[in-house]
Amino acid sequence: MGPPRTLFDKIWDAHEAVPAGPDHPAVIYVDTHLIHEVTSPQAFALLRERGLRVRRPDRTWATVDHSIPTRFVEGRPAFLNRATRNQVETLERNCGEHGIPLFRMGDPGQGIVHVIGPELGLTQPGRTIVCGDSHTSTHGAFGAWAFGIGTTEVAQVLATQCLLQERPRTLGIEISGRLGAGVSAKDLILGVIRRFGVAAGRGHVIEYRGAAVRALDMEARMTLCNMSIEAGARAGLIAPDETTFAYLEGKEHVPSGDGFAGLVARWSRLPTDEGAAFDRVLSFDAGSLEPMVTWGTNPGMSCGISEAVPAPADAEERAALDYMGIEAGRPLLGRPADVVFIGSCTNARISDLRAAARVLAGRRTNPATQLLVVPGSAQVRRQAEAEGLDEVFRSAGAEWRAPGCSMCIAMNGDRLSPKELAVSTSNRNFEGRQGPGGRTVLASPVTAAASALAGAVADPRPFLQD
Amino acid sequence: MEPVVRIASRTVVLPADNVDTDQIIPARFLTGTRRDGLGASLFADWRRDGAGELRADFPLNRPEAAGARILVAGANFGCGSSREHAPWALTDYGFAAVVSPSIADIFKGNAVRNGLVPVEIEPAAHRELVSRPGAEIVIDVETGTVSLPDGGSARFDLPPFARRCLLTGRGPLDFLLEQEAAILRHEQGKDDRAETP
């Protein structure tokens, strides 16, 4: 027995193909590499320039999500323009040439890259997982070290299955208390970011710990880890436990029977040892949270739904309020919403859609508000349809779309017009993120659904009383 | 990638904190499949108004900013997405370095891999640079120093490997390709262990 180690230490140690030397960082082996159409074309071009092949196409998985349409016209995908179609065709060519499995539009396994990894069982405890997308942190919910990389790094992983990594520091965030009714993992992570700031995790890997985290189901844990990057950390992890194992059992890429039992035995050794030290520890009480909404242009600028928007503390906050057209000193409640977007790798899994449907069932959205529901994957879409959720959404007045990133990144034509305000279950309220001049209020699926009914930012809790 | 040893240039100052990659290059400009030509979209929604006209008051649009190769930015610069289009847009526009009290993790790595020098300096030195837009300064990658307009200098750290990449123009891919034997050994052991520690 060596000294006590954190979950992150154990994963790092097991993936060090070459330890750090005096003049180079460690070489870290990548177990699973996920790619998509927007950040991979230049990486394949780099391989071609250098005459290199993909080293492990069997450890590489591709999907289309970022720039694909979520609407079909006469049965054909309504691409925004030739460029976005070309990105999809380029990925198809690259995957074909290198033997990489690809989920195309219409395939049963297609979806947002961070939704399909867990769904397929590709996301497993103890693995290293990378993708050219910063929300790769989502997969940390399984106790995997998962982080976003740039396109040059995508090329490095394609060619060598490895990355050079400076060892990050560790940050333990202890979360106590219980989430109240109508308060979800989305509100929790927005609360954490508000409290500690958008740069709190810079240079660190976060491990979320404590009773409030243990009580979350896997999909809620994914929401929490998803927005680690909005707290400044490339990765956020949660130690695997019975909840994790139960989710993974029976998934396509997870062995069954004795194989599964053996994996569970190994996964059970991953959690942080008693006495292991983090470089930094922060504490947060989840019990006092109410549903959260953002009022500004970074994810730290948020407040409770019934709380008054705080007076600006500096020029950045003043500029944010000005951009949003929001006045400090009173709550956001009642602020008209042009669009409500329920989707993204943060909140478009089946439990998110069920929660939204519970609010919307038997009700109609305000006619002045467009409600867009975009499932995170084809599997989520099928499951929702099997449960009749699509009917709930349509009857309420929503548009039920095909899976993709859609209005979270607004590359595919699903976007706001200048000055339009969206209540959105996505992860970034940056200026123009959902369309040039567009304004984003980040919120949970139930808050978004309640806002669609009210036609304005609304508290979901009255809609959840049976 | 060209080696970068020393950058002598005027500065452009963009003092806002938390400038995210959606501002550096909005997502609607990510629909290409090439690395070049993105400078035209740099800070697109800040440089131009809704009608596509240049905003005269935006720092990059001022006449004295023309040709400047050093961007002095606020804290947590480059937060947000992993898009390497952000450093591609900055270098294509003509920038060779970003100076800030703190630079977001993913952006920092992407910058180095594209010969864009990430320079993190102490708040006091940063304030001095912010107060003197257009100052002529020198960034020395080899010694990790920035000359300040008041005659002083500030130090900045780079991991040794990142420094070597910048100085030699030789990126991590070459290094990784040389590690083939070690990677293969690791891989074989891993496959035997069913890849879990």
Side-chain angles (χ1 to χ4, degrees), chain A residues 10-11 13-14 17-18 22-25 27 29 31 38-39 41-42 45 67 81 83-84 86-87 90 124-127 132-134 148-153 155-156 159-162 164 166 198-199 202-203 232 234 263 266-267 269-270 298 316 409-411 418 428 430-433 436-437, chain B residues 15-18 20-23 26-28 30-35 44-46 50 74-76 79-88 102-107 109-111 113-114 159-162 164 171-173 175-177 179-180 182-187 190 193-197:
Chain A
K10 295 179 192 184
I11 303 176
D13 292 349
V18 180
D23 59 352
H24 65 83
V27 175
Y29 193 82
D31 293 323
V38 172
T39 59
Q42 296 88 346
S67 66
N81 53 32
T84 55
N86 181 51
Q87 285 189 321
T90 302
Q124 293 182 17
R127 283 193 175 175
D133 186 279
S134 60
I149 57 177
T151 294
T152 305
E153 289 178 303
Q156 291 163 21
T160 70
Q161 204 58 32
C162 286
L164 283 166
E166 303 284 348
V198 292
R202 219 170 51 87
R234 289 178 84 172
L263 278 176
R266 286 204 291 269
W267 292 341
R269 293 197 290 270
L270 282 167
N298 79 44
E316 189 189 357
I409 188 163
M411 286 188 69
R428 288 186 176 141
F430 297 151
E431 279 183 31
R433 168 80 178 184
Chain B
D17 288 342
N18 301 313
D20 58 79
T21 54
D22 276 273
Q23 309 316 313
R28 63 183 186 280
L30 312 186
T31 57
T33 55
R34 299 171 58 96
R35 274 168 283 176
D45 293 333
W46 286 356
N76 199 28
C79 60
S81 82
S82 61
R83 64 187 69 161
E84 200 158 318
H85 307 70
W88 292 338
S102 61
I103 299 178
D105 291 342
I106 302 180
F107 178 89
N110 283 341
R113 285 182 283 276
N114 287 280
F161 188 82
R164 202 174 74 196
L173 181 56
F175 180 88
L176 285 169
L177 288 167
Q179 308 304 311
E180 173 59 25
I183 295 170
L184 198 61
R185 267 197 310 280
H186 181 84
E187 203 163 43
K190 169 173 292 291
R193 288 195 307 272
E195 67 187 54
T196 298

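Nothing here was measured: the structure is a model prediction, and the numbers come from that model. Chain letters run A, B, ... following the sequence lines, proteins first and then strands; every chain starts at 1.
Ring orientation note: the planes of Tyr29(A) and His186(B) are tilted relative to one another, at an angle of 30° to 60°.
Across Pro26(B), Pro159(B), Gly80(B), the residue that shares the most heavy-atom pairs under 4.5 angstrom with chain A is Gly80(B). Ranking Gly232(A), Gly203(A), Pro22(A) against chain B, the residue ahead of the rest is Gly203(A), based on heavy-atom pairs under 4.5 Å. Comparing Ala86(B), Ala104(B), Ser81(B), Pro87(B) by heavy-atom pairs within less than 4.5 Å of chain A, the highest count is held by Ser81(B). Heavy-atom pairs under 4.5 Å with chain A peak, among Thr21(B), Ile103(B), Asn114(B), at Ile103(B). By number of non-hydrogen pairs under 4.5 angstrom with chain B, the leading residue of Thr39(A), Asp133(A), Asp23(A) is Asp23(A). Contacts with chain A were tallied for Asn110(B), Leu176(B), Asn76(B), Leu173(B); Leu176(B) has the most, counting heavy-atom pairs under 4.5 Å. Ranking Arg185(B), Arg113(B), Arg34(B), Arg28(B) against chain A, the residue ahead of the rest is Arg113(B), based on heavy-atom pairs under 4.5 Å. Note on Ala45(A), Ala159(A), Gly437(A), Pro25(A): by heavy-atom pairs under 4.5 Å with chain B, the leading option is Pro25(A).
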Check step by step if side-chain contact (heavy atoms from CB on, under 4.5 Å) holds for Ile106(B) and Ser134(A).
CA-CA 8 Å; Ile106(B) 302 180; Ser134(A) 60; 4.1 Å; yes
Before you tell me yes or no, could you show the steps for Val27(A) and Leu164(A) under side-chain contact (heavy atoms from CB on, under 4.5 Å), namely the whole-Å CA-CA distance, both residues' side-chain angles and the distance that decides it to 0.1 Å?
CA-CA 5 Å; Val27(A) 175; Leu164(A) 283 166; 3.8 Å; yes
Evaluate the side-chain contact (heavy atoms from CB on, under 4.5 Å) criterion for residues Ile149(A) and Glu84(B): first the C-alpha distance (whole Å), next the side-chain angles of each, then the deciding distance (0.1 Å), finally the verdict.
CA-CA 9 Å; Ile149(A) 57 177; Glu84(B) 200 158 318; over 6 Å; no
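Of the two parts of Ile409(A), the backbone and the side chain both hold a non-hydrogen atom closer than 4.5 Å to a non-hydrogen atom of chain B. Both the backbone and the side chain of Val198(A) come within less than 4.5 Å of a heavy atom in chain B. For Ser102(B), the parts lying under 4.5 angstrom from a heavy atom of chain A are both the backbone and the side chain. Of the atoms belonging to Phe175(B), it is side-chain heavy atoms, and not backbone ones, that fall under 4.5 Å from chain A. Heavy atoms of Ala27(B) lying under 4.5 Å from chain A belong to its backbone as well as its side chain. Arg202(A) touches chain B through backbone and side chain together, each having a heavy atom under 4.5 Å away. Heavy-atom distances place both the backbone and the side chain of Glu431(A) under 4.5 Å from chain B. Of the two parts of Arg35(B), the backbone and the side chain both hold a non-hydrogen atom closer than 4.5 Å to a non-hydrogen atom of chain A. Both the backbone and the side chain of Thr160(A) come within less than 4.5 Å of a heavy atom of chain B.
Residues passing the salt bridge (charged side-chain N to carboxylate O under 4.0 Å, His left out) test with Glu166(A), sequence neighbours excluded: none.
The pair Arg433(A)-Asp22(B) meets the salt-bridge criterion, with a side-chain N (NZ, NE, NH1 or NH2) lying under 4.0 Å from an Asp/Glu carboxylate O.
Within the 4.5 Å cutoff, side-chain heavy atoms of Phe161(B) are placed close to those of Pro172(B).
Separating the CZ atom in Phe430(A) from the CG atom in Asp45(B) is a distance of 14.0 Å, to the nearest 0.5 Å. Rounding to the nearest 0.5 Å places CD of Glu180(B) at 6.0 Å from CD1 of Ile183(B). Between the CD1 atom of Ile11(A) and the CG atom of Asp31(A) there is a distance of 9.5 Å, given to the nearest 0.5 Å.
There is no side-chain donor-acceptor pair under 3.5 Å between Thr151(A) and Gln42(A).
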